[in-house]
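To keep things clear, I will list the structure first and then write my remarks on it.
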Amino acid sequence: MIRSFIQNPNYEATLDRIGKIFAAIGIVALSAATIDQIGPEGKIVIAIVLVSIWVTFCLEFLLRLFARSKDGPRYPLSIAGACDAMAVAFPAIGFTAGLDWRDVALLCGIWAVKFARGTNALTLLQRVLVNESRHLIGVMWIFIMVLFGAALLAHVLERETLPEAFGSVPVALWWAVTTLTTTGYGDAVPTSFGGRLLSGVVMTAGIGVFALWAGILAAGFAKEVRRNEFLRNWELVARVPLFAKLGAKELADIVGVLRARRSSAGSIICREGDPGEQMYFIVEGEALVSTVQPIRLGPGEHFGELALITGKPRTATVIATTAVSLLVLDISDYRVLVAHSPEMSSAINSEANRRLAALGASSTTDQNR
Ligand code: CMP
């Protein structure tokens, strides 16, 4: 059974999914372990749940270690391998060190790392932080400058009236941090007019600084996501011969506007009679055009262009007969593309004319029947 499981090419994705579910259950259980009101029976159930999850994670680690992991022989040295090892080792170390079972349960909090498994979120975050580090650090200096200035001024304005909260610059820094981050615990509150005025300025500055950070990160994420999409589309576009007719610039432009899409076997990609706003290029898989004489289209071929050219509804329903990887081109980008590449335009048009002629012939045959 294990052998047939690991022979499935998607077995690692399945393990990732199971790991996330178990980690979520584990985190709920360890949180429950900290509730004093839960009686002894409840605690036994929690302990059983935690031990079962730990055993599962041990088995998962061994399976990935000895099976053909996608990280290859470097799995134990990879970040994913280190996370899996920590998920097993932390509670084990706590237990062997003789910690109270509730503290061992808290060490199971490390299981949260399983949530990052199988996603590229951490790699993406790391890349954004590295790419945007210059701007992020720049804003950090502004933050430090405002923070220190605020603490200094608050100390000057409030040291007489509230010495316990503003008696020295280091102590006033606590007020500055809670105010600049707009957290405002309320444990240190300036009472003088100048102090309150300063609070208002610091709070407003805080919003500005965090908005800057958020803006830099959001722009960095968007840039990185677009770059990833561009690279993936580039790879896919190379597999469609029609695009070989494009020059380097047009190719780069088209790669930027194409969207990759996957359709599962049996799904309808476009339906006869619907308005058409996109055309499709098949990268992988097969689709069936359900005309009178159904036509199979495979990798490198395209469909959905007739509605864009004629402005009329879809002439046929197109169904994915296998899982299909597609590149989707919107009508506005299609117009730009054909305007800039006469060769591609004529290739699409001549195929469209042939298809229209075939459709005309089949509808004439239908009428004659
Ligand atoms: P459209 O009419 O936009 O949507 C259905 C698509 O099926 C159509 O564009 C063509 O791309 C495709 N199609 C229709 N008839 C044929 C045919 N005879 N051969 C290949 N593809 C076709």
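Counting starts at 1 for both ligands and their atoms, following the listed order. Just so we're clear, the structure is a prediction, and the values are computed from it rather than from any experiment.
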Inset, instruction - Mind listing the closest non-hydrogen atom pair of Ile53 and Phe22 along with its distance? - result: CD1-O, 3.4 Å
Inset, instruction - Measure the acute angle between the ring planes of Phe243 and Phe281, then classify it against the limits of 30° and 60° as parallel, tilted or perpendicular. - result: tilted
Inset, instruction - Answer yes when Asp333 and Arg259 have at least one side-chain N-carboxylate O distance shorter than 4.0 Å, and no when they do not. - result: no
Inset, instruction - Name all residues meeting the ring pair (Phe, Tyr, Trp, His ring centres under 6.0 Å) criterion together with Trp174; count only those two or more places apart in sequence or in a different chain, and write none if there are none. - result: Tyr185
Legend entry - Side-chain H-bond candidate by donor/acceptor type, Glu272 with Thr315, under 3.5 Å: no
Inset, instruction - Give a yes or no on whether a salt bridge exists between Asp274 and Arg314, defined as a side-chain N under 4.0 angstrom from a carboxylate O. - result: no
Note down each nitrogen or oxygen pair, ligand 1 side and protein side, whose separation is under 3.5 Å; give only atom names and the distance to 0.1 Å.
{"residue": "ligand 1", "atom": "2 (O)", "partner": "Thr315", "partner atom": "N", "Å": "2.8"}
{"residue": "ligand 1", "atom": "2 (O)", "partner": "Thr315", "partner atom": "OG1", "Å": "2.7"}
{"residue": "ligand 1", "atom": "3 (O)", "partner": "Gly304", "partner atom": "O", "Å": "3.3"}
{"residue": "ligand 1", "atom": "3 (O)", "partner": "Ala307", "partner atom": "N", "Å": "2.9"}
{"residue": "ligand 1", "atom": "3 (O)", "partner": "Arg314", "partner atom": "NH1", "Å": "2.7"}
{"residue": "ligand 1", "atom": "9 (O)", "partner": "Gly304", "partner atom": "N", "Å": "3.4"}
{"residue": "ligand 1", "atom": "9 (O)", "partner": "Leu306", "partner atom": "N", "Å": "3.4"}
{"residue": "ligand 1", "atom": "11 (O)", "partner": "Gly304", "partner atom": "N", "Å": "2.8"}
{"residue": "ligand 1", "atom": "11 (O)", "partner": "Glu305", "partner atom": "OE1", "Å": "2.5"}
{"residue": "ligand 1", "atom": "11 (O)", "partner": "Arg355", "partner atom": "NH1", "Å": "3.1"}
{"residue": "ligand 1", "atom": "21 (N)", "partner": "Arg355", "partner atom": "NE", "Å": "3.3"}

